[in-house]
Amino acid sequence: MTLQAILAAWNKFWFTDHNLFPLAIFRILFGLISFETAILLLPWANDWFGPHAILRVVSLANQDATTRLSLFTIFPDSETWAYFLVSAMAVLSLALAAGFKTRFTALLLWIVMNSIHHRNPYVLNSGDTFMRQIAFWMMFAPSGRILSVDYWQQKKESGSKAWFDQTGPGWTIRALQLQMCLLYMQAFWSKIWGPIWWSGTAVYYTARIEEFYHFPVVPYVFDHLWTCQVISFATLFIEFSLFTFIWVKEFRYLVLLLGVAQHLSIEWMMNIPIFEWLMIINYLLFIDSNDLKKVWSFVSRKPFQKPLTETESA
Amino acid sequence: MTTKLNRLAVHFNQIDWDRVRRLFLSFYLIFHFSIIYCWMFSSHPWAYSYADYFRKYIVLLGLDQDYTVFAPTPRNQNIHILMIVTYKDGTMRTVAYPRIDRLPQLDRLWSERWRKFGHDNMAYSTEPAYLRDFARYVARQNNDYVTPPAFVTLSRYSVPVPPPEEGLGHPLPPHFHQYTLLTYEVLPEDLL
């Protein structure tokens, strides 16, 4: 292998233009998930982020004084401000989903999200952390070029080409893909050091943590050791595949299907809102745009429209 | 002077800006992802030092991340938190912290962050300042009696999940281990 070949492969990986359809769909769904997150935070905004919140700013600062991006440090410490910021997160999320001034909206959303997260990190879960990483890359991504208010306005002015065929710089898509793979890599790597995962009993224990109970599961599944072991090993295998085999084109869709199945199972079984859906929508970034177009055409067809007869078409 | 400027402008126009952009982005992506990688996999001292050197960049921009859920060993304790508020006149009030498994489905969605805060972060907290803040908050929330709260006691009730050979096919035991996380004497300024 020559240096030239390595550089060419690097350029091909990061800087080839990508079709923007998967990214646009991802932006819409990410905006909606972020909106849901904000709505779930809103009733407790004062209890978690307000001046009389459950954790005081001074206690957090004493624990770790590193400077953090937060609008709470600039504006007055008030109840109104706490509600305003969480409401702003909801509005900006919807604006991002709609693709209104997309990059600027993504920048504002990232700042607001950081402010909320840095004010009280002890109410956050992995889904929030991952959402913050996505918001970071969305500031740079050309996600608003299609299926957006921005596109509609631009089209009105200049009559740009069909949105199906719009391409754009792919490096932010690659960054988002890589970020997702790092998540699975760490999830897998941290588990394999636990003997409980190797003995296959990890799922036995997690299924018995009462605070995670969500919807009822078929009794047999977690009442037998062999089923718990199979699910434990499958979890490890799927997490491993989601940062390795996912890059092999022939395996990609199978890996994504396994990932979707795993996250939907967890969603059914465990009360961990947002996270599972957030992971599933990330898979869109790995789907070939032509395949996604086929799905789009199938979904957006008009099932009750009769095909034109020859006479009508004439 | 004008000739020099013209020459500079010609030279400027000849630069392959796309190539410069790619070069800049390549350096940035290597910088960013190498730090994130070392932050997430910091078991090696070199990786730790490298990530720690750029700690300000990571923390300032909210790029810190950790996805080690249920790893390396999932929690094997079922817990709940109970709060006892003792008022100045000696009256005591027991306040239950939200228990997800006992809530209706929709409330579970809304209350998940309370679970995260209480069960994941406070029930085993080694940071007394956070527990004191928690106790102050409980005092404020329960300052609706004829006399103000004098003490707040935060307790954790727990029970280990029995191993498979004992637990399979049996209901889970009640949370019978009691541990006092903190007893806090409420000050007048805590109630403001």
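Quick note on labels: first sequence line is chain A, next is B, and so on, each numbered from 1.
Looking only at atom types and distance, the side chain of Gln186(A) has no donor-acceptor partner in the side chain of Gln65(B) under 3.5 Å away.
For residues 168-190 of chain B, the interface with chain A (any heavy-atom pair closer than 4.5 Å) comprises Leu168(B), Leu172(B), His175(B), sorted by residue number.
Heavy atoms of Leu41(A) lying under 4.5 Å from chain B belong exclusively to its side chain. With a 4.5 angstrom heavy-atom cutoff, Met185(A) touches chain B via backbone and side-chain atoms both. Looking at Tyr204(A), the atoms closer than 4.5 Å to chain B (heavy atoms on both sides) all sit in the side chain, from C-beta outward. Neither the backbone nor the side chain of Ala135(A) comes within less than 4.5 Å of any heavy atom in chain B. Proximity to chain A involves both the backbone and the side chain of Leu61(B), based on heavy atoms less than 4.5 angstrom apart. Of the atoms belonging to His224(A), it is backbone heavy atoms, and not side-chain ones, that fall under 4.5 Å from chain B. With a 4.5 angstrom heavy-atom cutoff, Leu182(A) touches chain B via backbone and side-chain atoms both.
Between chain A and the options Glu112(B), His119(B), Gln105(B), the largest number of non-hydrogen pairs under 4.5 Å is found for Gln105(B). Of all the listed residues (Asp66(B), Val69(B), Asp120(B), Val138(B)), the one sharing the greatest number of non-hydrogen pairs under 4.5 Å with chain A is Asp66(B). For the options Ala71(B), Pro164(B), Ala129(B), Pro74(B), heavy-atom pairs under 4.5 Å to chain A are most numerous at Pro164(B).
Every ring-ring contact (aromatic ring centres under 6.0 Å, His included) that His32(B) has, sequence neighbours left out, goes to Phe136(A), Trp137(A), Tyr28(B). Residues passing the ring-ring contact (aromatic ring centres under 6.0 Å, His included) test with Phe222(A): none are found, sequence neighbours excluded. The side-chain contact (heavy atoms from CB on, under 4.5 Å) test applied to Asp89(B) returns Tyr87(B), Thr91(B), Tyr145(B), Val146(B), Thr147(B), not counting sequence neighbours.
The two atoms that bring Gln179(A) and Phe33(B) nearest to each other are N-CE2, 4.3 Å, heavy atoms only. The two residues Ser59(A) and Tyr130(B) make their nearest non-hydrogen contact at O-CE2, 3.8 Å. Across every non-hydrogen atom of Asp64(B) and Gln133(A), the tightest pair is O-NE2, 3.7 Å.
Under the 4.0 Å criterion applied to side-chain N and carboxylate O atoms, Arg140(B) and Asp47(A) are not assigned as salt-bridge partners.
By the 4.5 Å heavy-atom criterion applied to side chains, Trp114(B) and Ile54(A) are counted as neighbours.
Each of Arg102(B), Lys116(B), Arg75(B) was scored for a side chain to side chain donor-acceptor pair (under 3.5 Å) with Glu211(A), with one residue passing: Arg75(B).
Atoms CD and CD1, from Glu210(A) and Ile79(B) in turn, are 10.5 Å apart once rounded to the nearest 0.5 Å.
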